[in-house]
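Here the structure comes first, spelled out in C-alpha cells, and everything after it is commentary.
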Amino acid sequence: MESYTTPTRPRVYKQMSQEGYDHTAVEKRWQEAWDDASVYRTPDEVDDPTYVLGMYPYPSGKLHMGHVRNYTITDAYARYRRMCGDDVLHPMGWDAFGLPAENAAKERDTNPRDWTFDCIDTMRGQMKSMGFGYDWDREITTCTPEYYRWNQWLFRRFHEAGLIERRDAEVNWCPSCETVLADEQVEGDDELCWRCDTPVETRDLDQWFLSITEYADELIDAIDGLEGWPDSVRQMQRNWIGRQHGSEVEFAVEGHGSVTAFTTRIDTIHGATFFALAPDHPISEELAAENEDVRRFVEEEADPEGDEPNGVATGLTATNPATGEEIPVFVADFVLSDVGTGALMAVPGHDERDHAFAEKMGVEIKPVIAPEPDDWDGETVPDAPDVSEAAFTDDGVVIDSGEYSGLASETARERLTEDIESAEATTQYRLRDWGISRQRYWGTPIPVVHCDDCGSVLVPEADLPVELPEFINTTGNPLDAAEEWKQTTCPECGGPATRETDTMDTFVDSSWYFLRYVSPGLDDAPFDLDRANDWMPVDQYVGGIEHAVMHLLYSRFVTKVLADEEGLEHREPFTNLLAQGMVQLEGEKMSKSVGNTVSPQRIVEEYGADTARLFMMQAAQPERDFDWSEEGVRSTHRFLARLTDLVEEHKRQFMFWDKDDTDDRDAPDRDEIDDYVADEIDAAVAIAGGEYDDLTFNVALREAQDLVGTLRSYRGHAEPHPETYERGLDVAVRLLAPVVPHLAEELWATLDRDGFVVEADWPTATVDRETVERRRRLVENTREDVRDIVEVAGIEDPERIDVVVAPDWKFDALEIAIDSDADNLISELMGESHIRERGDDAASYGQDLQANREALQETLSGDEEYDALRAASWLIEREFDAPVRVERAADADDSVVRKAEPGRPAIDIVE
RNA sequence: GCGGGGGUGGCUGAGCCUGGCCAAAAGCGGCGGACUUAAGAUCCGCUCCUGUAGAGGUUCGAGGGUUCGAAUCCCUUCCCCCGCACCA
C-alpha cells in the first residue's frame, strides 16, 4: 500500500507581521462590550454558584504584581468554570480601613476617607484594565457605614453570645503607630510591629476581646477536615493554637499557700527536685518586696530573651504533692508568665531546660523514667538511665516512684492525675483571646458608651451605625480629640456618657466579608441567611501565605460563631485554599523598599493585559515563586501576535469558504497530516481541561501553546484541511480564553463565532488522557528510534523509511500475557491456534513475554498504532526529507516484520 | 528542639502519592542546521559516556534495605528552606 503522499496543495507563503496587534484597542473594546452585556453579573436567583474569591486588597494606591497574580489566578479559574457551564460568583471589594490611610492623610494634608476612595478608584480602574471579570454590582467597601455597621452589629451579637470581654490587659503597643497590636501582628524574635518594624512595647490598657479561645478545640480539630488547604497553612494554624493536654497540680509553697503548676509530664512528678516561678508571678513580686536577692534578680538580672537560664533561690521550699518532699523554690527567667500558669515543677532528669538550670544551681537530678526496654513485659521495672549529663525526655517506664514504678508514662499520667488530690487534667492553649481594640481613627467604632452610673453600655441596635466623626489631624487618637462626637448620653439611664474611642482591628472586617458579597446591599442583616446557606462556602479561595494564621483563623472563628448564633449552615468558610507564590525579580521578592518592583501599569501599556496575564500563568505553578522576566514577557507577547496572525490569515483565506458545502468537508484529499492535527486538537483539550481543574494553569497553557505551534507547522507544511484547521484555531482560542480573555474575544469574533467566548462552551475531547499519552509516546519513541538508527548507522541521505506495525497476533499475545496468571505462559499462548501457527516466531516472542512478565504494559491496539503512526509520518518525512511508508505487517517483508512489537514498530531505512 | 517542605542532568525545574513505557517532561543556556544580504525573530535537531540499525554502560544528596525491577517504597545519615519555640 502506498501511504506516502506528496503534498499536493500549494504551500502558503505570506509575510507575517511582527509588530503584533493593537492590544490597547482590543482590550478596551471587549471590556466595554462585557460591561454593556453585564456578562459577569451573578443574579441573586442562581442556585449555589461556584464561589471563586481572591483576598480583597488593602487600597494602598496601586496594584502591584502580587495582586495581579492573585487576581489572575481567580479570574482564570472563574472563567474556566463559567465556560464549563457553572454559575460563578466572582466578586471584589476593598479592605478599606487601616492605619496607612491615616498616615497618608497626615502626609498629604487630607483625610483618610478621601485618600482611601482615591486609591480605590485608581485600583478599580487598574483591575478593569486587567480584564478581571468581577461582578461589580457586589463590590463592598469596608470603610463605609453600610458595611461597618455590621461589624458593630456583630459585636452586639457576639456580646449576647457571651463572646466579648473587656478587661485590663497587658498589650503589645507600637509607639510609632500609637496603637495596640494583636500577638499575631508582632513579628520575629525582636518583636517588631508588622507594619512599621518599630520595636513593640507593652502597656496595660482596658481592652475589648473576642473569645476565640472558646472555639480553640473546634478550630484545631476541624483543621483535619480542611483537605483542600495546603499542609503548610494547616500546620501553621495548629502551631498557633498550640493545644497541649496535661495536668494542673498544686504545690504548697511555704508561707504562700498553694501554687498551681501546669505540666504535660506528671508521670515525672517523683523526679521534681525544684519548683520555679516566673519573675512576674505574684509570689515573685511579693518576695521581691522583702528579699533583696530576689528583687535584684527580678528587676535587674532576669533576661527572658537570653538563651541562658538564670534564676535565684528564694530560700523557700514547696511540698511535692506526690512525695511530700520539700523542694527548693527558685525565681527563674526561663519560666514565662504567659505559658501554662507561670509556675512549674522542674524535673531536671527529664527536661533539658530544667536539667541545665539544675546543673547551674547545683540541684539534685533524679531519674524517674527509664527508656522502655525492647522486650519489655509491661511490668518489670527497668534500671535507671544515666541522666547526669543529659535529660531523658522521651516517654518510657516509670521507676523509683513508689507504687507507680513499672507503669508506662501514659498510664502513669492518668493514674497520678487521678490519685493526687490537687491534680486535674487540663488543656492549655497558646492561642489567646483576640484583642480587637485599636487606639486609631480609621476603623469601625466599637459600639459602646461609658456611663459613670451604668458602666460600659452597648449602643442599641436601632442606633447603629455609630459613624466616625470628621477626621482630626492630631498625634494621639483622633477620636479622643473629637469632643462633640465623644460626648453622648447613656442609652440606659439617659445621663451623660462618653463614647468608646477605640476602633476595631481591621481583621474584624475581613473575618466575614466573604458573606457580605452574597447580599451586598442588604440593609437589615449582614447577609441573607438563606442565600448564604446556598452559596457558601467559598469554593476556591486564593491569597498570600502571610494570612495563613490571622485572617484565615479569624474567618474560621467568625464563621463558626455565625453557625452557632445565626443559623449559618456552614462551619468553615473556605473549601479550597490556594496560597499563591511570590513574584520575584532575580530571586528577590519585589518590594518598594528594595526598589525592584515592576509596574503592572507599564506592562499593560506596553504589552497589554493579556500578555501580562499569560506570562504569569504559564511561568510557574500558582503556588510557587517565580522570577519576572522581561524576556519572557516579550516572548509571550510574540506568541499572542503569532496566534493573531494565524487567525486573521485564516479569515482572509477562507472568507468565502462555504462551511455548508459538504463537498469541502468531505474533501477526498484529506490525508494523514489532517488526522494528526485533529488528534492533537483532541489531545490538547483532553489535557488542558484536567489541568485547569487542578489550577495548574502552566501545564494547561503549555498544551494550548503547543497546539498553536502544531497548527503553525501544519499550515507551513501542507495546505490545511479547512475544517480541521479552523477547529484547531477555535479550540486554541477557547483553551486560552480564561487567561487571555480580550484577545480570545477578538479572535472568536474573527472566526465568526456567535456570542462571547467568555460564555462559550468549554471544548470537549473524544480521547482520554491515557490514550493521548500512549499515542504521543509511541510517536516520540519511533521518531527517536529513527534518529538513533540514522545517526548510529551513519546514514547520510535516506531514500525511504518504512515503519511496520507488529502483526495482530503479537498484540493478541501481549493481551493474553498481561491478563494471564498461568505459570507457563508459552503453553497458554500456544493454546491459541492463530498464535501457534506462527511457529518459531510465536515461541520466540512468547519467551520474550515470559521473561518480561512483570513488566508488560498495555499498549494501543494494532489499529490505533497504525493510525497514529500514519498520522505522524509527516513529522518523520519533514525531519529526514524522505518518504515514509507506514505498513501493516501483512504488507511488509517478513525479515522486517520480525522486529516489530506492540508499541514498537519495525523500522527499515532504505539508503 | 518540634513541626512542615525540599535536595534530580550546565542551570531552573517536573516526575515520587499510584515502582516498570525514565537517561528522566518543560524552560533557559550552549551547539549544529533551515530561513535571511546580515542581525533579530521563527522553525528543525543535538546537548551523561560508548556504539557503523533502534544497543550497552553509569546517573536522580550519601549509605543500607525491600523487589524480578527503585529517582519513585522502607531505614539510617548529611545538607537547605519555611513556620513555631526557654511552651512546662
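Per chain, numbering begins at 1; letters A, B, ... match sequence-line order.
If you check every strand for non-hydrogen atoms under 4.0 Å, A:R783 touches sugar and phosphate atoms only. Here A:D908 lies in heavy-atom contact (under 4.0 Å) with a base. As judged by a 4.0 angstrom heavy-atom cut-off over every strand, A:R238 is placed among residues making no nucleic acid contact. A:E308 comes within 4.0 angstrom of a base, heavy atoms only. Within 4.0 Å (heavy atoms only), A:L778 reaches no atom of the nucleic acid at all. At a threshold of 4.0 angstrom between heavy atoms, the contacts of A:V699 with the nucleic acid are absent. Residue contacts shown for A:G242 are absent, as no nucleic acid heavy atom lies under 4.0 Å away. Residue A:D303 is classed as a base contact, given a heavy-atom separation below 4.0 Å to a base. Heavy atoms of A:A548 sit nowhere under 4.0 angstrom from any nucleic acid atom.
Contact of the A:I269 side chain with the A:F251 side chain is registered, since non-hydrogen atoms from C-beta on lie closer than 4.5 Å.
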Throw together a table of side-chain donor-acceptor distances under 3.5 angstrom for residues 897-904 of chain A, partners on residues two or more places apart or in other chains.
| residue | atom | partner | partner atom | Å |
| --- | --- | --- | --- | --- |
| A:R898 | NE | A:D841 | OD1 | 3.3 |

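The distance between atom CZ of A:R787 and atom C1' of B:U52, rounded to the nearest whole Å, is 20 Å. In this structure, the CG atom of A:D706 is 12 Å from the C1' atom of B:G27, given to the nearest Å. For A:R634 and B:U42, the CZ to C1' distance is 16 Å, given to the nearest whole Å. The distance between atom CG of A:L277 and atom P of B:C86, rounded to the nearest whole Å, is 18 Å. For A:Q235 and B:A85, the CD to C1' distance is 13 Å, given to the nearest whole Å. Across the protein-nucleic acid pair, A:I909 atom CD1 and B:A53 atom C1' stand 7 Å apart, rounded to whole Å. Atom-to-atom, CE of A:M236 to P of B:G4 comes out at 14 Å; the value is rounded to the nearest Å. As a whole-Å value, the separation of A:W229 CH2 from B:G5 C1' is 19 Å.
Around the CD atom of A:E791, the shell of radius 6.0 Å holds no more than 12 heavy atoms that belong to other residues, nucleotides or ligands.
Taking atom P in both B:A34 and B:A24, one finds a spacing of 28 Å when rounded to whole Å. Comparing the same atom, C1', in B:C35 and in B:G45 gives a spacing of 15 Å after rounding to whole Å. With P as the reference atom, B:C84 and B:U67 are 44 Å apart, rounded to whole Å. Of the C1' atoms belonging to B:G3 and B:G13, the separation is 26 Å, rounded to the nearest Å. Comparing the C1' positions of B:C48 and B:G9 gives a spacing of 7 Å, expressed to the nearest Å. Straight-line distance between the C1' atoms of B:A26 and B:C82: roughly 27 Å, to the nearest whole Å. When the P atom is used for both B:G27 and B:C80, the distance is 33 Å, rounded to whole Å. Between the P atoms of B:G20 and B:C11, the separation comes to 25 Å (whole Å).
Each of B:C87, B:G51, B:G54 was ranked by its minimum atom distance to the side chain of A:R353; first place goes to B:C87. When each of B:G20, B:A53, B:C84 is scored by its nearest atom to the side-chain atoms of A:N239, the top-ranked nucleotide is B:C84. In the set B:C43, B:C84, B:G54, the nucleotide with an atom closest to the side chain of A:I907 is B:G54. Across B:G20, B:G54, B:G51, the shortest atom-to-atom separation from the side chain of A:A855 is found for B:G20. Closest approach to the A:Q857 side chain among B:G20, B:A85, B:U52 is made by B:G20 (side chain taken as heavy atoms from C-beta onward).
Between the base of B:C21 and the side chain of A:R777 there is a donor-acceptor pair shorter than 3.5 Å. Scanning atom types as modelled, no donor and acceptor separated by under 3.5 angstrom connect the side chain of A:D788 and the base of B:G54. Taking only distance into account, the side chain of A:E879 never meets the base of B:C44 through a donor-acceptor pair shorter than 3.5 Å.
Base pairing annotation: B:A70 forms no Watson-Crick or G-U wobble pair, as no partner gives both donor-acceptor distances under 3.5 Å. The partner of B:G19 is absent, by the rule that a Watson-Crick or G-U pair needs both atom distances under 3.5 Å. Pairing of B:G1, defined by two Watson-Crick or G-U wobble distances under 3.5 Å, is identified with B:C84. Figure legend. B:U59 is base-paired to no nucleotide; pairs are counted as Watson-Crick or G-U wobble with both atom distances under 3.5 Å.
Looking at which nucleotide of RNA chain B each of A:V786 and A:P309 is closest to, the 5′-most match is held by A:V786. Each of A:P905 and A:D338 lies near RNA chain B, and the nucleotide nearest A:P905 is the one positioned closer to the 5' end.
For A:R638 and B:U42, the shortest distance from a side-chain N or O to OP1 or OP2 is below 4.0 Å. For the OP1/OP2 pair of B:G54 and a distance below 4.0 Å, the side-chain nitrogens and oxygens of A:R904 include no atom meeting the criterion.
Classification of the A:W874-A:Y676 ring pair by plane angle, with boundaries at 30° and 60°, yields perpendicular.
Between A:R234 and A:D231 there is a salt bridge, since at least one side-chain N of the basic residue sits less than 4.0 Å from a carboxylate O of the acidic one. A salt bridge links A:D395 with A:R265: the closest approach of a Lys/Arg side-chain nitrogen to an acidic carboxylate oxygen falls below 4.0 angstrom.
For the residue pair A:T417 / A:S247, a side-chain donor-acceptor distance below 3.5 Å is found, with atom types taken as modelled.
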Apply side chain to side chain donor-acceptor pair (under 3.5 Å) to residues A:S895 and A:D893 and explain how you reach the verdict. CA-CA 6 Å; A:S895 63; A:D893 189 90; 2.5 Å; yes
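A donor-acceptor distance shorter than 3.5 angstrom exists from the side chain of A:Q850 to the backbone of A:L825, with no hydrogens or angles considered.
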